[in-house]
Amino acid sequence: MKTSSSSTNIMDMFEKGKVLKICAPMVRYSKLAFRSLVRKYNCDICFTPMIVAADFMRSVKARDSEFTTNERDRPLIVQFAAHDAQTLADAACVVAPFSDGVDLNCGCPQRWAMSAGYGACLINKPELVKDMVRHVRNQVDNPNYTASIKIRIHKDLKRTVDLCQKAESAGVSWITVHGRTAEERHQPVHYDAIKTIKDSVSVPVIANGDIKYLRDVESTHQLTGVDGVMAARGLLANPAMFAGYEDTPLECIWDWVDISIEQGTPFTCFHHHLIYMLERVSSQPERKVFNSLSSTSAVIDYLQNTYGSVHDLRT
């Protein structure tokens, strides 16, 4: 893999005073092909899916399958799950030539992650988080390379503020706050908590949770004062959301077809993304037919017959 020379100083992006629009780390979904798509539609920064740092360092096979990128895939943040400072720093040093920063996952609420000492259980270990951030900052040989954390909140917000302030003292570059506790799934986002955290630290803060339309970016900024917003499910449903589209435009669907064919995206992944994209714009009978398709050629035929080809858009 060639080292990309187009390294971006992410911190300069925050200083321009706009609200950054970020694609969240999503297991199986925020891979190179999908990142390539959302970058065409006003996404400022993309995250890789969460990668377990210990597995990544243990196996060349894991490195090759978990982390793919190209020279256009920037700015890029690589997210790791880790519970050991040196392992995280080693993984950061491996990906640093091909990315703009690493992020420590302190928010994944899944049982397997928490029982392994990863994800949201780290919000209860502020000294360990501090140590991990410091190791990355000290060992990556690029002063512009960022070390960020993505967290959930505690019921007792004072503990979250303490965590964020400790991370800041260790040199954390920025903090993404998913405004729910580890136990909450689809409950409303606690915007007041995100605002409290934003007001308690001087590093940039990103809000995550329930960003479904471009208007949610501005309303979240107004409510919290954050420096950026991160979307996950909203972008899966509509990868053109950050460009102001209410639903996935036909052009975006055909862009996904082109990117997937060009990059050799496996059929299951290609199809799953389209199922998400078409959910709001298709009827139940249409979805039933589409979801049962089993080849790329069948999908392309279906899209052409149901929605028209990309050439129809341009005539």
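Values below: all heavy atoms of this structure, side chains included; hydrogens, waters and symmetry mates excluded. Remember, it's a predicted structure, so these values are computed and weren't measured experimentally.
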Check T296, V299, T265 against H271 for a side chain to side chain contact (heavy atoms under 4.5 Å, CB included) and give me the one that passes.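 Passing option: V299.
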
Taking atom types as modelled, is there a side-chain donor on [X] or [Y] under 3.5 Å from an acceptor on the other?
X	Y	answer
Q165	S200	no
T248	Y276	no
S297	S295	yes
R152	T160	no
E168	S202	yes
T176	N208	no

Could you check whether any side-chain heavy atom of [X] comes within less than 4.5 Å of a side-chain heavy atom of [Y], counting everything from C-beta outward?
X	Y	value
L104	L88	yes
C252	Y41	yes
V129	L163	yes
D100	R74	yes
Q79	P49	no
I153	I197	yes
L76	F47	no
D73	R35	yes

Going only through I, L, V, M, F, W and Y residues with side-chain contacts under 4.5 Å, is there a path from V102 to I45?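 Unlinked, V102 and I45 end up in two clusters.
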
More than 12 heavy atoms of other groups within 6.0 Å of D12 CG: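 Atom CG in D12 is packed in, count exceeds 12.
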
Residue R111 excluded, over 12 heavy atoms near CZ under 6.0 Å: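 Check fails, neighbour count at 12 or below.
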
Inter- and intrachain pairs under side-chain hydrogen bond (donor to acceptor under 3.5 Å, both in side chains), touching residues 227-246, at least two apart: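 Matches after skipping sequence neighbours: K198-D227, R215-E246.
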
Output yes when a side-chain donor or acceptor of [X] lies under 3.5 Å from a complementary backbone atom of [Y], and no otherwise.
X	Y	result
T306	L303	no
H83	A116	yes
Q263	S260	no
S59	D55	no
D131	E127	no
S292	V289	yes

How far apart are the closest heavy atoms of [X] and [Y], and which atoms are they?
X	Y	result
P75	M13	CG-SD, 3.8 Å
C46	C43	SG-SG, 3.9 Å
N42	A243	ND2-CA, 3.8 Å
V140	A92	CG2-CB, 3.8 Å

One thing to verify: whether [Y] and [X] come together as a salt bridge, which I'm taking to mean a side-chain N less than 4.0 angstrom from a carboxylate O.
X	Y	answer
R180	D210	yes
K155	E183	yes
R72	E262	yes
D247	R280	yes

Evaluate the ring planes of H273 and F34, with Trp represented by its six-membered ring, and classify them as parallel (under 30°), tilted (30 to 60°) or perpendicular (over 60°).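 Rings of H273 and F34: parallel, under 30°.
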
May I ask you to decide if the ring planes of F290 and Y302 are parallel, tilted or perpendicular, using 30° and 60° as cut-offs?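 Geometry flag for Y302 against F290: tilted rings.
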
Criterion side chain to side chain donor-acceptor pair (under 3.5 Å) on Y145 and S173, from CA distance to verdict: CA-CA 9 Å; Y145 198 74; S173 307; over 6 Å; no

Rounded to the nearest 0.5 Å, how far apart are CG of L214 and CE of M241?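 Going from CG on L214 over to CE on M241, the span is 8.0 Å.
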
If you look only at pairs with a residue in residues 17-32, which of them pass as a salt bridge (Lys or Arg N to Asp or Glu O under 4.0 Å), with sequence neighbours excluded?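 Applying salt bridge (Lys or Arg N to Asp or Glu O under 4.0 Å) to every pair that reaches into residues 17-32, excluding sequence neighbours, yields K18-D44.
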
Partner of D162 under salt bridge (charged side-chain N to carboxylate O under 4.0 Å, His left out), chosen from K158, K166, R159: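 That would be K166.
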
